[in-house]
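Notes for the one structure printed next.
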Amino acid sequence: MQPGWNLGNTYDAIPDETSWGNPPVTRALLKKVKSQGFKSIRLPVTWGVHQGAAPGYPLDPAWTAKVRQVVDWALDEDLYVLLNMHHDSWMWVNNLATDHDAVLARYTATWTQIAAEFRDKPSRLVFESINEPTFSGTSGDDENYRLLAELNRVFHRIVRDSGSGNASRLLVLPTLYTNADQGRLDALAAELTALRDPMVATTIHFYGWWPFSVNIAGYTRFDATSEQDLTATFDRAYDAFTARGIPVVIGEYALLAYDHTRPGIIQRGEQRKYFEFLGDYARRRQLTTMLWDAGQFLNRTTLQWRDAELFGQIRSSWTTRSGTASSDMVFLPKSGAITSRTLTLNTNGTDFQGLRHGSRTLVKGRDYTVSGSRLTLTASALTELAGNRAYGVNSTLEARFSRGVPWRIDLITHDVPVLSNASGSTSGLSLPTQFRGDMLATMEARYDDGSNAGPADWTSYQQWDTAFSAYTGDSIKLTGAFFNALKDGSRVTLTFHFWSGSKVTFYVTKSGSTATGTPA
């Protein structure tokens with residue numbers, strides 16, 4: 001099943017397949033997915049919004065037929081299919097503790113119908129009992145574990161007793177919250193011991209070290225902390241299951257804030273490092289990975305990757321490592337002499353083989369030098385490549401390695417950004433900004449006494465999109481949520497950190513329902 005892809009925000013969407021922005025599924029989409037090297041798809045389905053009342057809880061035949069058609073298309077493309085029960089988990093299954101008999105009756109009726117519908121499908125169809133199980137009104141984890149074990153036992157019994165292909169079909173069981181904390185893994189391991197069924201796999205989800213995945217607390221880079229979080233998570237899953245011969249499916253992985261409609265939250269090069277490392281370490285730990293794609297990776301209308309370079313990095317990681325560098329950006333001044341710039345190469349076990357600019361191979365010794373892991377671009381080469389030094393990207397280089405995909409290096413002309421006075425409503429305030437070739441990395445917010453200001457009061461570095469954003473070329477925006485968290489009449493010092501290393505200070509004050517801001 002490795003590698004896998006999620007048909008996200010479609011049959012799990014509420015109330016219907018196109019409600020969350022994706023077009024209807026076509027056979028061509030499944031062909032495209034297969035052609036890109038995927039061997040399986042995860043088909044998330046929310047059944048409860050297409051279901052009748054008690055006691056039978058009948059599934060809408062038209063909806064079931066749609067799901068069956070996609071399953072058949074995928075099977076015809078020789079893909080494995082992981083079919084699940086998705087947002088039902090928080091819509092009604094979560095009430096198991098407080099409405100036990102009714103929820104269990106509905107869960108039983110639903111899986112009984114699904115099992116009967118697909119019992120004769122080939123073994124490449126796989127069932128997952130519930131997505132991201134969560135329970136409300138419980139006393140804590142012990143009760144949560146007991147409730148999930150009960151659901152999984154019921155699911156297992158229904159499918160196995162339905163016979164035909166279901167008697168030996170692979171079944172996938174999640175941890176609580178589909179989380180890889182040790183307690184969650186141990187609880188599921190105990191379930192598997194009780195089931196005594198060799199055709200059962202486990203599943204967790206992974207969206208990266210949370211501060212990095214949403215850009216909060218200053219975690220703008222895929223650094224050692226983010227890397228350690230990933231390796232520790234995958235190691236725990238390996239030790240708990242894979243090392244004991246029990247497969248682990250990372251049923252969803254991506255980054256929480258990755259979205260083609262919101263560029264900049266996670267810097268492009270740091271995204272690439274994350275996906276490169278994840279693919280390699282999952283392979284080393286023998287974990288099956290299924291990319292969560294709600295339309296942000298593959299454009300389902302054009303059937304083209306929205307960021308072909310990023311997908312190339314992901315695809316390469318399935319089989320090998322790629323070299324990277326400390327950054328994919330080199331910032332050059334708008335005026336004055338250009339000096340040499342140095343990047344640190346992360347060869348990741350490959351050999352650095354040189355630099356290219358378009359069809360031209362740069363000359364070692366003249367255009368660049370390499371000393372250990374230090375790649376230095378010479379002043380003369382940078383001056384030539386910068387051209388007329390218009391703000392923004394002037395040239396793009398490719399660092400090539402003996403394996404994997406090249407590493408892109410953008411040469412960017414910039415000046416320190418300039419912010420102007422702003423006034424308006426606390427529902428949201430736009431700060432006029434001349435970015436002058438630079439890009440925002442993050443924002444700090446503090447009161448005059450040095451204490452943190454904003455929704456995330458535990459850190460001075462606020463969360464992108466929750467407190468601020470910068471998606472246009474003319475402004476930085478402060479959100480209503482940011483102002484709601486501020487003290488009235490108390491000046492806040494904002495420090496905007498840009499990817500060039502520039503810092504710009506700005507003052508804002510909330511007065512009732514109005515907000516004003518001035519450059520420092």
For this session: Decide ring pair (Phe, Tyr, Trp, His ring centres under 6.0 Å) for Phe401 and Phe352; before the verdict, give the C-alpha distance in whole Å, the side-chain angles of both, and the deciding distance to 0.1 Å.
Result: CA-CA 4 Å; Phe401 300 85; Phe352 175 69; 5.7 Å; yes
For this session: Using salt bridge (Lys or Arg N to Asp or Glu O under 4.0 Å) as the criterion, list what pairs up with Asp474, not counting sequence neighbours.
Result: none
Seminar exercise, completed: Result for salt bridge (charged side-chain N to carboxylate O under 4.0 Å, His left out) between Glu77 and one of Lys31, Lys32, Lys34, Arg124 points to Lys31
Exercise. What class does the angle between the rings of Phe277 and Tyr281 fall in, given that below 30° is parallel, 30 to 60° is tilted and above 60° is perpendicular?
Worked result: parallel
For this session: Enter the distance from Arg408:CZ to Glu309:CD here, rounded to the nearest 0.5 Å.
Result: 5.0 Å
For this session: Tell me whether the guanidinium CZ or amine NZ of Arg169 lies under 6.0 angstrom from the six-membered ring centre of Phe127 and within 45° of its axis.
Result: yes
Exercise. Which value, rounded to the nearest 0.5 Å, describes the distance between Phe496 atom CZ and Phe506 atom CZ?
Worked result: 7.0 Å
Exercise. What orientation do Phe212 and Phe222 show, parallel under 30°, tilted 30 to 60°, or perpendicular over 60°?
Worked result: tilted
Exercise. Is the count of non-hydrogen atoms from other residues, nucleotides or ligands lying under 6.0 Å from Tyr145 atom OH greater than 12?
Worked result: yes
For this session: Classify the angle between the aromatic ring planes of Phe275 and Tyr258 as parallel (below 30°), tilted (30 to 60°) or perpendicular (above 60°).
Result: perpendicular
Exercise. Do the rings of Trp305 and Phe38 sit parallel, tilted or perpendicular, given the 30° and 60° boundaries?
Worked result: tilted
For this session: Rounded to the nearest 0.5 Å, what's the gap from CD on Gln313 to CZ on Phe311? Could you check?
Result: 11.5 Å
Exercise. Just checking, Arg285 and Tyr238: is the charged tip under 6.0 Å from the six-membered ring centre and within 45° of the axis?
Worked result: yes
For this session: Just jot down the salt bridge (Lys or Arg N to Asp or Glu O under 4.0 Å) partners of Arg400, sequence neighbours excluded, or say none.
Result: Glu398
Exercise. Can any side-chain N or O of Asp410 pair as donor or acceptor with the backbone N or O of Ile412 at less than 3.5 Å?
Worked result: no
Exercise. Got a sec: does the CZ of Arg374 have more than 12 other heavy atoms crowding it under 6.0 Å?
Worked result: no
